[in-house]
Amino acid sequence: MSAFRFNTRRTVLAAALAATAGAIVPAAAFAQQAYPNKIITIIVPFAAGGTTDILARVIAQGLTTELGQSVVVDNRAGAGGNIGGQMAARAPADGYTLFMGTVGTHAINAALYKKMPFDPIKDFAPLTRVANVPNLLVANPSQPYKTVQELIAYAKANPGKVNFGSSGSGSSIHLSGELFKSMAKVDMQHVPYKGSAPAVTDLLGNQIGIMFDNMPSAIQHVRSGKLRPIAVTTAKRSPELPDVPTIAEAGVPGYEATSWFGMFAPANTPAPIVAQLNKALVKVLAQPDIKKKINEQGAETAGETPEQFAAFIQKEAVKWGKVVKESGASVD
């Protein structure tokens, strides 16, 4: 074989390889850009077993199927949700870190805490509200009160001796109790925990007397008889517990407090990723099996556009800011 023929064949082979490489590189680049192509983490700012955690895990399961990528939950409890909120706010804005926010983290804490480690409006991109949840006033069965009126009478006769637990200072559970104290004119002692689950554990053990707990983390204990339901905090009775009165109808007219939970991404997450996540979340929330799981917890599924969720948060911040101010609640 002549040197000319050898060099010609080598040149053609090199050109073919170059052409092939040229075809592969754009595809590889596209694959790297496709979302999602790795594990997505949902930061939950409260302990495992509480309502925020329960809802996040239901959503994570649905998103894993919908997006074709694993979605896991990372519990980062403390400071009324602010520790997890700060971590999520500082995460890369690439769609791989999401945040299960609450009425506490995004509508209460800014008014309650003198110094916030993040801005609930500027540091997050709202995706959608996930669920609306009633709070349930529950007591350890060994406590001497069974109704709202009996609780008020006992608290007035024993000022400062009724301890109510919460998932943390500034949570909706805490503020539900503060609102009750203010409107019922009673003196009760707040005991904050790092999440609803450890608070419920102490309630079951009678270390604390009552809780204004989110219904999903309390309802199973009510159904089993381990906790005594006294009233719900919403304006209307819950379909899951139709025999339990509202606090308003049971003796504190005008009382109403509702919790909500929503999904967020860090601010500056690319608009196409925000849109993709919103579409996936709304689709998941509309699935019958997901709706059933959430409804069985005493919660009501939501689902809206990022713009609608953002407008809702603004209104909630105004509402709860007023409640915080009127209650006199404050956290250093």
Going hydrophobic residue to hydrophobic residue with side-chain gaps under 4.5 angstrom, can you get from L55 over to V72?
no
Determine whether S176 and Y255 make a side-chain contact, defined as any pair of heavy atoms from C-beta on separated by less than 4.5 Å.
yes
Just wondering, do V200 and L204 contact through their side chains at under 4.5 Å, heavy atoms?
yes
hydrophobic_cluster_shared for M87 and I83, side chain cutoff 4.5 Å:
no
Does one hydrophobic cluster hold both F118 and Y113, with members joined at side-chain heavy-atom distances below 4.5 Å?
yes
One should read off an interatomic distance between L137 CG and I173 CD1, to the nearest 0.5 angstrom, of 12.0 Å
Looking at every non-hydrogen atom in both residues, tell me the closest pair between N140 and I208 and how far apart they are.
CB-O, 4.5 Å
For L136 against A218, the heavy-atom pair lying closest together:
CD2-CB, 4.4 Å
Hey, does F212 have a side-chain heavy atom less than 4.5 Å from the side chain of L175?
no
Salt bridge or not for K181 and E178, using N-O below 4.0 Å?
yes
Looking at every heavy atom in both A47 and A77, which two are closest together, and how far apart are they?
N-CB, 3.6 Å
T102 OG1 to N109 CG distance, which is reported to the nearest 0.5 Å:
7.0 Å
Heavy-atom side-chain contact between M211 and Y193 under 4.5 Å
no
Pairs of donor and acceptor atoms involving the side chains of residues 147-160, under 3.5 Å and at least two apart or interchain, shall be tabulated with distances.
unit_1 : atom_1 : unit_2 : atom_2 : d
T147   : OG1    : E150   : N      : 3.1
E150   : OE1    : K146   : N      : 2.7
N158   : ND2    : Y154   : O      : 2.9

side-chain contact (heavy atoms from CB on, under 4.5 Å) evaluation trace for I210 with M188
CA-CA 10 Å; I210 62 172; M188 303 191 305; 3.9 Å; yes
Donor-acceptor pair, side chain of S172 and main chain of G104, under 3.5 angstrom
no
T52 versus P45, closest heavy-atom pair with distance:
CG2-CD, 4.2 Å
In the structure I gave you, are the side-chain heavy atoms of I42 and M263 within less than 4.5 Å of one another anywhere?
yes
Rounded to the nearest 0.5 Å, how far does CZ of R129 lie from OG1 of T305?
10.5 Å
Value for CG (L203) from CG (N163), rounded to nearest 0.5 Å, stands at 11.0 Å
Show me the donor-acceptor pairs within less than 3.5 Å that the side chains of residues 269-276 make with the rest of the protein, sequence neighbours left out.
unit_1 : atom_1 : unit_2 : atom_2 : d
T269   : OG1    : P266   : O      : 2.6
Q276   : NE2    : Y35    : O      : 3.0

If you count the non-hydrogen atoms of other residues, nucleotides and ligands that lie under 6.0 Å from NZ in K185, is the total more than 12?
no
What about I43 and I39, same hydrophobic cluster or not, with Ile/Leu/Val/Met/Phe/Trp/Tyr joined at side-chain heavy-atom distances under 4.5 Å?
no
Is it true that I54 and F46 fall in one hydrophobic cluster, defined by side-chain heavy atoms closer than 4.5 Å?
no
Shortest non-hydrogen contact from N75 to A48?
ND2-N, 3.4 Å
N/O donor-acceptor pair under 3.5 Å between R76 side chain and G84 backbone
no
Hey, does the side chain of R57 reach the backbone of G49 with a donor-acceptor pair shorter than 3.5 angstrom?
no
Hey, is R223 close enough to E240 for a salt bridge, meaning N to O under 4.0 Å?
yes
Can you give me the closest heavy-atom contact between R237 and P242, atom names plus distance?
NH1-O, 3.0 Å
Checking L241 against M215 for the side-chain contact (heavy atoms from CB on, under 4.5 Å) test, could you report, in this order, the C-alpha distance in whole Å, the side-chain angles of both residues, the deciding distance, and whether it holds?
CA-CA 10 Å; L241 296 172; M215 192 174 287; 4.1 Å; yes
Establish, from distance only, whether the side-chain atoms of N214 and S259 form a donor-acceptor pair under 3.5 Å.
yes
Is any side-chain heavy atom of V191 closer than 4.5 Å to a side-chain heavy atom of Q207?
no
Do V130 and F309 have side chains that approach each other closer than 4.5 Å (heavy atoms only, starting at C-beta)?
no
How would you list, by chain and number, every residue that makes a ring-ring contact (aromatic ring centres under 6.0 Å, His included) with F164, sequence neighbours excluded?
H190
Straight-line distance of L63 CG to L281 CG, nearest 0.5 Å
5.0 Å
Positive for side-chain hydrogen bond (donor to acceptor under 3.5 Å, both in side chains) with W260, one of E316, H106, E300
E316
Polar side-chain atom of T128 near backbone of E304 as donor-acceptor pair, under 3.5 Å
yes
Check: N135 main-chain N/O paired with T233 side-chain donor or acceptor under 3.5 Å:
yes
Does any non-hydrogen side-chain atom of L179 lie less than 4.5 Å from one of E256?
no
How about CG on N268, more than 12 heavy atoms from neighbouring residues, nucleotides or ligands closer than 6.0 Å, or not?
no
Rounded to the nearest 0.5 Å, how far does NE2 of H174 lie from CG of L112?
6.5 Å
Side chain D202, main chain N206, donor-acceptor under 3.5 Å
no
